[in-house]
Amino acid sequence: MFKIDHKLALCCLTLVGLFSGCMQKPTDPSGQVWIDLKLNYRDDSAPVPGLLKANRLIEGQALLLNFDEGSGDTIFDHSPYNNHAVLNDSTIWVTLDLRRSISIESRESYASVYSNPVLNGTHGLSITTTFYLYYESVTGERIIVDKHDYYGGYTLGIDRSNHVFLRVRNNLREKEIVSDSVLSAGQWHTITAKYTTRPLAVTVLRQTDTDTTGMPATLPLTWSPLVIGAANNLSGLYINPLQGLIDNLSITTTSNFEDFDFVRVAVMDLNKFIQSDSLRRMSIDSLMAYFSKHDSTSVRYMREMHKIFHRELENAPVPTWATLRYLWDSYFTVISEQNLRIDGGFAAGTINGIPGLNLIAVGALRNNIPVYYGEALIWGRKDHIATVAVDMSALEYESQP
């Protein structure tokens with residue numbers, strides 16, 4: 001019903017961390033309706049999921065591979081970012097000591113994760129992984145995780161003497177720390193390596209190097225993929241394979257996101273549009289299709305929204321949230337309006353609705369101007385919590401005629 005024909009990009013990522021189990025049920029009188037929001041947004045720039053508070057350092061899980069699925073060519077990411085790893089054709093699954101893992105034996109066996117800015121760890125990162133070495137000694141490095149290009153990045157690996165190292169770089173500035181611990185082949189090892197800019201330090205296992213000589217203050221934006229089990233030599237080849245097994249890989253990063261000032265949501269009562277029981281029995285998708293074609297009021301509303309976002313009226317200003325509220329009041333009864341809380345950098349919240357048909361409108365605002373906007377319909381039942389997904393679209397305001 002309320003899909004707006006904006007110009008928008010198509011890189012879709014899902015905001016997670018808004019599960020109903022972590023929502024706080026509002027303490028309202030009996031007979032109320034509660035609605036949990038899941039926000040999905042589309043953007044053609046950096047593929048970062050979630051609606052993030054402006055001007056904040058966001059620290060969170062950027063990658064969590066536990067290898068439990070154990071088949072096919074995909075290792076599913078259980079972090080909020082859906083950074084699924086894809087296995088190269090020569091990479092195989094292995095079960096050893098009841099652990100499901102991937103075997104890295106040659107240059108052709110590795111896994112890679114599509115480049116995602118959240119994996120850069122601009123202001124810090126922590127890598128925890130479990131692995132198994134086939135051989136006691138080799139002639140070169142063996143790489144566990146690598147994400148770098150000519151501008152910089154990071155590499156976690158094992159040197160030819162079986163010491164773990166973490167290497168971070170920013171252009172010509174580089175720092176590497178090597179652990180004193182010597183690893184043995186033929187057994188599982190779990191290690192954690194960290195890099196932080198507060199203070200400048202690199203840690204491998206429990207050994208920390210706080211000598212800031214040559215230390216990159218931050219890590220740069222790199223568009224190379226994150227490679228698991230090998231290193232990217234920047235000429236299209238992958239080198240220095242681990243020659244072992246990898247099971248469990250966790251990466252947390254700290255990055256600076258400047259997306260939105262806040263996220264605002266309005267709830268509207270659409271029960272007056274339900275003129276027959278047949279409409280009440282329709283699914284939401286069918287109801288939206290019906291309204292978009294057969295309900296004259298809904299069609300007019302969509303046309304008005306199109307005019308607002310495309311600024312088709314002469315000398316029309318860029319729309320604000322107040323512009324949208326004025327339009328809603330012309331067509332619907334607005335039940336509530338509020339800002340969503342920002343929890344760990346993500347917009348989250350449970351909102352109040354009404355029994356029957358609710359229209360949910362969500363805007364991500366910068367300087368009170370919607371830069372992302374989405375609408376969704378949801379049926380509300382008394383004393384129940386409903387869940388609704390709202391697809392947020394990037395708004396590109398067209399020039400005036």
Side-chain angles (χ1 to χ4, degrees), residues 11-23 36-43 45-53 56-87 91 99-102 110-131 144-148 153-156 166 190-196 219 221-229 246-257 259 341-348 387 389 392:
C11 181
C12 181
L13 293 162
T14 302
L15 169 66
V16 293
L18 300 183
F19 303 107
S20 58
C22 62
M23 296 292 185
D36 286 349
L37 293 182
K38 291 178 181 288
L39 305 181
N40 311 319
Y41 85 103
R42 302 172 183 267
D43 190 4
S45 57
V48 179
L51 299 173
L52 302 170
K53 191 174 181 180
R56 279 195 55 177
L57 291 179
I58 305 300
E59 181 177 2
Q61 189 91 48
L63 184 73
L64 181 59
L65 308 178
N66 57 27
F67 296 76
D68 287 344
E69 291 80 7
S71 64
D73 61 358
T74 302
I75 310 171
F76 292 99
D77 177 28
H78 296 280
S79 82
Y81 293 92
N82 294 322
N83 285 320
H84 307 312
V86 178
L87 275 60
T91 310
R99 290 180 178 269
R100 197 64 171 158
S101 58
I102 57 171
Y110 58 86
S112 58
V113 179
Y114 176 77
S115 181
N116 185 329
V118 73
L119 290 169
N120 287 312
T122 310
H123 297 272
L125 63 91
S126 176
I127 305 172
T128 298
T129 184
T130 301
F131 60 92
I144 303 171
V145 174
D146 177 67
K147 180 171 172 55
H148 85 281
Y154 55 90
T155 304
L156 174 66
L166 176 65
T190 298
I191 64 169
T192 296
K194 298 179 180 180
Y195 164 69
T196 177
L219 300 183
L221 176 68
T222 59
W223 292 106
S224 59
L226 183 141
V227 184
I228 303 170
I246 297 181
D247 173 42
N248 295 329
L249 176 60
S250 170
I251 299 180
T252 60
T253 63
T254 302
S255 301
N256 188 24
F257 295 108
D259 287 343
R341 73 177 187 274
I342 303 297
D343 183 6
F346 293 97
T387 299
M392 308 287 290

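Note that this is a predicted model, so its numbers are computed, not measured. Heavy atoms only: backbone and side chains are in, while hydrogens, waters and symmetry mates are out.
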Fill in the blank from the handout: Rounded to the nearest 0.5 Å, the OG1 atom of Thr155 sits from the CG atom of Asp146 at a distance of 3.5 Å
Handout entry: Working for side-chain contact (heavy atoms from CB on, under 4.5 Å), residues Thr192 and Thr129
Key = CA-CA 7 Å; Thr192 296; Thr129 184; over 6 Å; no
Completion exercise
Only residue of Asn83, Asn82, Asp77 satisfying side chain to side chain donor-acceptor pair (under 3.5 Å) with Asn116 is Asn83
Practice task
For Phe131, check ring-ring contact (aromatic ring centres under 6.0 Å, His included) against everything at least two apart and list the hits.
Solution key: His189
Exercise for the section: Provide the closest heavy-atom pair for Leu166 versus Ala193 in the form atom of the first, atom of the second, distance. Expected result: CD2-CB, 4.0 Å
Problem - Note, Thr190 side chain near Thr128 side chain (heavy atom, < 4.5 Å) - result: yes
Problem - Nearest atoms (heavy-atom pairs only) where Leu87 meets Gly72 - result: CD2-O, 4.1 Å
Exercise for the section: Taking all heavy atoms of Phe76 and all of Leu65, pick out the closest pair and write down the distance. Expected result: O-CD2, 3.7 Å
Problem - His78 side, atom NE2; Leu63 side, atom CG - distance, nearest 0.5 Å - result: 10.5 Å
Problem - Full working for side-chain contact (heavy atoms from CB on, under 4.5 Å) between Val227 and Lys147 - result: CA-CA 6 Å; Val227 184; Lys147 180 171 172 55; over 6 Å; no
Fill in the blank from the handout: Rounding to 0.5 Å, atoms CD1 (Ile127) and CD1 (Ile251) come to a distance of 5.0 Å
Exercise for the section: Starting at CD1 of Ile228, measure out to OG1 of Thr91 and round the result to the nearest 0.5 Å. Expected result: 10.0 Å
Practice task
Given side-chain contact (heavy atoms from CB on, under 4.5 Å), test Ile75 with Ile102 step by step and report yes or no.
Solution key: CA-CA 10 Å; Ile75 310 171; Ile102 57 171; 4.2 Å; yes
Practice task
Quick one: closest heavy-atom pair of Leu219 and Gly153, and the distance?
Solution key: CD2-O, 4.0 Å
Problem - Exercise: do Asp247 and Thr130 side chains pair donor with acceptor under 3.5 Å - result: no
Exercise for the section: Output the distance between atom CG (Asn66) and atom CG (Asn248), rounded to the nearest 0.5 Å. Expected result: 6.5 Å
Practice task
Determine, step by step, whether Gln61 and Ser250 satisfy the side-chain hydrogen bond (donor to acceptor under 3.5 Å, both in side chains) criterion, reporting the C-alpha distance in whole Å, the side-chain angles of both residues, the deciding distance to 0.1 Å, and the verdict.
Solution key: CA-CA 8 Å; Gln61 189 91 48; Ser250 170; 2.6 Å; yes
Practice task
Drop me the distance from Leu119's CG to Ser79's OG, to the nearest 0.5 angstrom.
Solution key: 8.0 Å
Problem - Flag side-chain contact, heavy atom, 4.5 Å: Asn120 against Thr253 - result: no
Problem - Tyr154 versus His148, closest heavy-atom pair with distance - result: N-CB, 4.1 Å
Practice task
For Tyr195, enumerate each residue passing the ring-ring contact (aromatic ring centres under 6.0 Å, His included) test, keeping only those at least two apart in sequence or located in another chain.
Solution key: none
Exercise for the section: Would you sort out whether Thr122 and Leu221 count as a side-chain contact (heavy atoms from CB on, under 4.5 Å), showing the intermediate values? Expected result: CA-CA 7 Å; Thr122 310; Leu221 176 68; over 6 Å; no
Practice task
Over all heavy atoms of both residues, which pair between Phe67 and Ser101 is shortest? Give the atoms and the distance, please.
Solution key: CD2-CA, 4.3 Å
